[in-house]
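Right, one structure below, let's go through it.
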Amino acid sequence: MKLPVVDSGQMPTGKDIEALADSIEGEVRFDRHDRMLYATDASMYQVEPLGVVIPVTTDDVAKTIAWCARHGLPVLPRGGGTSLAGQTVSRAVVVDCSKHLRGVGDVDAASSVVCVEPGAVLDDVQQRAAECSLMFGPEVSTSTHATLGGMISNRSAGLHSLRWGMTDEHVRSVDVILADGEQVRFERGAASRSPRVADLTKRIVDVIEPLADEIDARYPRIRRNVGGYALDRILQDIRRCKDGSLDEIDLSALFAGSEGTLGFIVGATLGLVPKPARTVLAVLAFADVQSALRELPTILGTDPAAVELLDHTVLEAARSHPTYASLASMLPRLPDSPAGAVLYVDWFAEDDAGANAVVERLREIADVPMRVCVDEREKADLWRLRKVGLGLILSGEGSLQPVGGLEDCAVPPERLAEFQEAFDGMLSRHGCSATYYAHASVGLLHIRPRIDLGSGSGKELLKKLGHEATQLVQQFGGTISGEHGDGRIRAGMVHEFYGPRLVEAFQQIKHVFDPEGRFNPGNITSDRGMTDDLRITPLGSAQQASALDTAFDWKPSLVDAAASCNGNGTAGEPREGPCVRPTGPRWMNATQRAAEEMRSGSRSPVSLRVAAGQTGMIRRREPRSTFVSGARRAGMSVLQPWIWLPSKRSISHSHIERVVVRHCELD
């Protein structure tokens, strides 16, 4: 599929950019500093965008899309930037909805639905739903800053997906601005009310119907699969239609998981679920991952809402971490040693009697050390340890770092132990070790092999492992893309998994909605290179960072500290405290917040949270100096000596001198 190519001749002039700024209420930022702030997300990629637009209204979004069309420029929708597969970095105009388009409507308790804007944050939705004893089922670990537009676009799930499924299962409708600027609503029955939706639906049916046998053969029959477009969901709808009607076809299922490639989501209606009356958590200790996974079928027989796995690398990292060691000490132990793996098993219950019954049942069938928790604070502490697991292991020894790409394998849960053993054997043949953690209840295994991606041999190894992993999950009836999306990290594997006929169908569907290929070009429909545009080698090779005299003591070095970034965006998470403005802009990560303060000339001090992987790594050496990131107003006075701390994920080898904690001489 031919993608838009942006060259210097197509770049808009300063006058064109000013015209856009004058036509919308929002902000238009095309300077290099702001572009670099959006060059990364939570993935391992870095691509400098063309510019950034921060809309205030839906009309701003429509005008921006039209402006980009006139100038031949791609458009990239972006929310919280928590994507792990590189979905939200591209050579495009980034449209960031997370600052203003974050509204959450009133909950319709009778219908258990709520309407949201694309930048609405999951925790805000949960807070509003809780007023009616409801909740949004898919609760991702980045709930403090993940946006619903992004969750829909990625078909996000959560630890209770065994019970609640993925985000797409809770989408009742999506409001979308199409490539030509028209806004439509996709929902079941929309084809009978809108001629435009009817036309689009008919064209999609024409693509999918001839491929019914191929879809049945290629799409896995498991709970968790987000690879490609959801052709299997649309095929099910087609088969429910009677007498040539299109009324059962809900095209919102295509936009869920489309990664912003088909149109721009500007609103959605979401289904809510009842909050469980009681929850019970048991943590079970095992010698190793295999022992834990062999017990999984038995545990699933107790009807849990979630079963989560942590392996020895996560547990050891927690035990040695100053912040999480106390939480790790709460875990059950084996008779002679700490656990080498644990399973978190969670149940929903109607009352105390129901809670006690499931615990007794578990004790009868699982003869292993366990800790049963009913106290809410105790459960919250243990779940916190599970949620920070990824951040804890995203640091390796020297150049060997745990890398993504293979972390989304999902197979039928009853085959997970067998699959993990086969996968471990595959890694061993290549001399690799890996970290394992999992949504075990749905057969999804996160696998992070340690590879040096700064070397050519490391990149080739990752590609080879991707090919072999794809073949392996096919043997086990699973998927290569079970949770975090395709992005650029898994595109090649997903294409191999589905085969050329279905990949061609993806391209045809993209063409139906976006004939010029301007929405997030390249994602899903093409393979842009698993190891291209890596953050550690943004110019094609490792870059040398200049020695900087900073206010921080980076251990062992600034470059190593940058590499340890877990990328989860918690540096922008709001928290109360004497040095924090509680009403501060929570839409920004730490670097963006620092830049915003510099832009506005605010004189208020602000202290920014450090992501988990960096805690204890920094100390302040010069307490009376002030340090800023990306200083733009050298004469600005700062009243108190607080530290400006950029998000570590914004510090990369290629722009370490542009976006980094610097010592600035301020009045």
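Keep in mind that what you see is a predicted model, and the values were worked out from it rather than measured.
Smallest separation of non-hydrogen atoms from T147 and S98: CG2-CB, 4.1 Å.
Counting heavy atoms from C-beta outward, K510 and F519 have side chains that approach closer than 4.5 Å. Side-chain contact between L50 and R35 is absent, with no heavy atoms from C-beta onward closer than 4.5 Å. The shortest distance between side-chain heavy atoms of N520 and T88 does not fall below 4.5 Å.
S83 places no side-chain N or O within 3.5 Å of a backbone atom of G86 that could act as its donor or acceptor partner.
For Y436 and H446, the gap between ring centers reaches or exceeds 6.0 Å.
The CG atom of L453 sits 11.5 Å away from atom CZ of R535, with the distance rounded to the nearest 0.5 Å. To the nearest 0.5 Å, atom CG of residue N225 and atom CD1 of residue I480 are 10.5 Å apart. Going from atom OG1 of T144 over to atom CG of L122 covers 9.5 Å, rounded to the nearest 0.5 Å. The CE atom of M493 lies 9.5 Å from the CG atom of L465; values are rounded to the nearest 0.5 Å.
For the residue pair H484 and D408, a side-chain donor N or O sits within less than 3.5 Å of a side-chain acceptor on the partner.
Below 30°, between 30° and 60°, or above 60°: for Y229 and F506 the angle between ring planes is above 60°, a perpendicular geometry.
Salt bridge status for R233 with D237: absent, with no side-chain N to carboxylate O gap under 4.0 Å.
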